[in-house]
Visitor: 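Take a look at the following structure, please.
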Amino acid sequence: MSGKTLYDKLWDEHLVKQRDDGSALIYIDRQLLHEVTSPQAFEGLRLANRKPWRVDANLATPDHNVPTTDREKGVDGIVDPVSRTQVETLDKNCDEFGILEFKIRDQRQGIVHVIGPEQGATLPGMTIVCGDSHTSTHGAFGTLAHGIGTSEVEHVLATQCLVQKKMKNMLIRVDGQLGAGVTAKDVILAIIGRIGTAGGTGYAVEFGGEAIRSLSMEGRMTVCNMAIEAGARVGMVAVDDVTIDYVQGRPFAPKGADWDRAVAHWRTLHSDDDAVFDKVIVLDGAAIKPQVTWGTSPEMVVSVDAQVPDPAQEEDPIKREGIVRALRYMGLEPNMPIEAIKLDRVFIGSCTNSRIEDLREAAAVVKGRKVAASLKQAMVVPGSGLVKAQAEQEGLDKIFIEAGLEWRDPGCSMCLAMNADKLGAGEHCASTSNRNFEGRQGFGGRTHLVSPAMAAAAAVTGHFVDVRELIQQGGA
Amino acid sequence: MRPFTQHDGLVAPLDRSNVDTDMIIPKQFLKSIKRSGFGPNLFDELRYLDEGKPDQDSSGRPLNPDFVLNQPRYQGASVLLARHNFGCGSSREHAPWALDDFGFRAIIAPSFADIFYNNCFKNGLLPIVLDEKVVDQLFAEAEHAEGYRLLVDLESRQVKTPTGECFEFEVDDFRRHCLLHGLDDIGVTLEDADAIRAYEDRRRDSAPWLFGAIGRD
């Protein structure tokens, strides 16, 4: 018999009951909650007169609707009354059911997928769910983590379990070393470009290979975060010293004898050498260049030195129509160089790229340079209050402000524009977020997904440029 | 949950692949704390020419005449015919809520995104995967014949065309069972409460650090 994959191990460890009809009850160790996908779940509990099965398995924070300015006003600083009601509803629900919530004025507040790992609420070997598709982020810690809908949020609150069917196993191996200026974001965009937005549908994906192993935890989180943009609900990386070093000392991480016991178990969380995957994809890390999306789906991506595609070259009629439609929406011409795309705004933030390392990477590029006069706005939104404090301690805020970027308060912000931060119709934005769908960052807005380094390079030039050229030049 | 056994309905063809959940229901409408009322904003950016706002009466807004659901022949449609990777993107259950609120009962496509597919079953909405060639054929028939209807039968796992042609589809036994009987699956899971408690006791012994670390200050 062949060995087990990491996914097989995590599945087996959490199996409560295998049912005759092929479905299984899987135990959930941690649920993260935010204001957008939880109100109807709490309401459902109340209507059925149910209580949460295990209060201490949950952690909540408001992130999607929170403003990124005037935070000292707390909930009263949310101008939109509908947004305010949603945040107040989360507060009320957590108070009523006794769930720990980092409220809007708590320094630990932030994007759920940033604060879970930061607090040690995300631990290797866990099953983690959240009513948010980017829950795959937590798979970077060797966890089985995925997004769920609101009905399942209610199901987990009420039963601590989910009804699941086992997925297939996929390994995406990125061999070799990444070049200077090429980051985790470029790796995952290149992967999505290769396998498409549905390439991972039905699979739990494990990312491996030398290039992945060489990434920091922040980088691994960026890769796993966007597994869902390749269609895979679950993205994972095996546990190693990098994982364990990151977790040690976090507020909710085990301590003392529990720590030693936990580490011994966590060291088993990798695929066995003889494990068999249903599908294996291999990329050469050294060949990956900085990536830029040109269209309205994350798979519409090319290297920064390439051109916008020409639909006339596409043979598949449905794909051709997709390209034509995307170019029309994006206001781009076939065959124009990516570097010729003029930008209106730059957004550095989101659960994909708002951690300390992302901010360091962007600051290193803008240091000593100025935001291009042609831009309407360039903003940096840290992923949590603690990331913000750390960045300020390192003086990154000053570098950004001196260069002309806005330094904001933590939240999801312009990734999906549920708060006041959004694009105007027709505006092009270099964004470190995860989705370039039509209207995602604002009605009629045009999103180009890039790494923090590439967004920073775009901010100081006003258009896309290969960040490796700026790095070579050094500070201005 | 409303049971689903059989449904005969007018078909609307949405000829576009990778329809994402932002397209199905844009983010400004996710601010609601209710499960209902999303129908008027289904496909908001495709359906209307202006920008939609939450808590707005959509009846007087300018419609996009080119959008399929605005065409007179598709009024009252309850079976949506779609393309590859329908429902990709976010986990928002507001997407199936909006489709349901608008009046759709079934969606037929060559493939669906995983989370969306799962969310449909929780809301009495049946997503059906059919072979791409079959979907092509249904698109051609629906666009050709005004008033084209399909009969969707969950009991026999079949889609029947007006000429009597039958296409079988696969669906998990558990999901089918819950949908046929309109079961509350939390109630079904709680029938296994003893098994969950037994598992939890074992886990508390093997991984005590997973319990009690997070609590109210």
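A quick note: this is a predicted structure, and the numbers were derived from the prediction, not measured. Within every chain, numbering begins at 1; the chains are lettered A, B, ... in the order of the sequence lines, protein sequences first and strands thereafter. Side chains included, hydrogens not; waters and symmetry mates left out as well; all remaining heavy atoms used.
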Visitor: In this structure, are over 12 heavy atoms from other groups packed under 6.0 Å from A/K255 atom NZ?
Guide: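 More than 12 within 6.0 Å, yes.
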Visitor: Find out whether A/D21 and B/D172 are in side-chain contact, i.e. whether some heavy atom of one side chain is under 4.5 Å from a heavy atom of the other.
Guide: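 When only atoms from C-beta onward are counted, B/D172 and A/D21 do not touch, as no gap falls below 4.5 Å.
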Visitor: When you compare the side chain of A/Q160 with that of B/T189, does any pair of heavy atoms fall below 4.5 Å?
Guide: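 No - every pair of side-chain heavy atoms lies 4.5 Å or more apart.
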Visitor: What part of A/T159 gets within 4.5 angstrom of chain B, counting heavy atoms only: side chain, backbone, both, or neither?
Guide: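 When you check distances to chain B, atoms from both the backbone and side chain of A/T159 fall under 4.5 Å.
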Visitor: Please list, in residue-number order, every residue in residues 11-19 of chain B that has a heavy atom less than 4.5 Å from any heavy atom of chain A; write 'none' if there are none.
Guide: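 Residues of residues 11-19 of chain B touching chain A at under 4.5 Å: B/D15, B/R16, B/S17, B/N18.
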Visitor: Do any of residues 33-44 of chain B have a heavy atom less than 4.5 Å from a heavy atom of chain A, and if so, which, in residue order?
Guide: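 Counting heavy atoms that sit under 4.5 Å from chain A, the residues of residues 33-44 of chain B involved are B/I33, B/K34, B/R35.
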Visitor: If you measure only the distance, is there a donor-acceptor pair under 3.5 Å linking the side chains of A/T37 and B/E93?
Guide: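 No - no donor-acceptor pair under 3.5 Å links their side chains.
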Visitor: Which value, rounded to the nearest 0.5 Å, describes the distance between A/E13 atom CD and B/S206 atom OG?
Guide: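 Between A/E13 CD and B/S206 OG, I get 6.5 Å after rounding to 0.5 Å.
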Visitor: With distance as the sole criterion, is a donor-acceptor pair present between the side chains of A/W53 and B/E200 under 3.5 Å?
Guide: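 B/E200 and A/W53 do have a side-chain donor-acceptor pair below 3.5 Å.
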Visitor: B/L30 and A/Q86: which non-hydrogen atoms are nearest, and at how many Å?
Guide: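 Taking B/L30 first and A/Q86 second, the nearest heavy atoms are O-NE2, 2.8 Å.
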Visitor: Please name all residues satisfying side chain to side chain contact (heavy atoms under 4.5 Å, CB included) with A/K17, sequence neighbours left out, ordered by chain then number.
Guide: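 A/L25, B/D192.
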Visitor: Suppose a student defines contact as a heavy atom less than 4.5 Å from any heavy atom of chain A. Which residues in residues 111-120 of chain B would they list?
Guide: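 Listed by number, the contacting residues are B/F112, B/D114, B/I115, B/N118, B/N119.
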Visitor: Heavy atoms, side chains only, cut-off 4.5 Å: are A/D132 and B/S90 in contact?
Guide: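 They are not in side-chain contact.
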Visitor: Quick check with a 6.0 Å cut-off and a 45 degree axis cone: is B/R202 positioned over the face of A/Y27's six-membered ring?
Guide: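 Judged by the rule (NZ or CZ under 6.0 Å from the ring centre, within 45° of its axis), B/R202 is not positioned above A/Y27.
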Visitor: Does the pair A/D80/B/K31 count as a salt bridge with the N-to-O cut at 4.0 Å?
Guide: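 Between B/K31 and A/D80 there is a salt bridge, with a charged N closer than 4.0 Å to a carboxylate O.
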Visitor: Determine, for A/D29 against B/R204, whether the closest basic-nitrogen to carboxylate-oxygen distance falls under 4.0 angstrom.
Guide: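 Salt bridge: no.
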Visitor: Where the side chain of B/R92 meets the backbone of A/G149, is there a donor-acceptor pair that is under 3.5 Å apart?
Guide: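 Checking the backbone N and O of A/G149 against the side chain of B/R92, no donor-acceptor pair under 3.5 Å is found.
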Visitor: Relative to the ring of B/Y199, is the ring of A/H14 parallel (under 30°), tilted (30 to 60°) or perpendicular (over 60°)?
Guide: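 Tilted.
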Visitor: Side chain, backbone, both or neither: which part of A/V82 has a non-hydrogen atom closer than 4.5 Å to chain B?
Guide: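 It is both, since atoms from each part get that close.
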Visitor: Identify which part of A/D20 has an atom lying under 4.5 Å from any heavy atom of chain B, answering side chain, backbone, both or neither.
Guide: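 For A/D20, no heavy atom lies under 4.5 Å from chain B.
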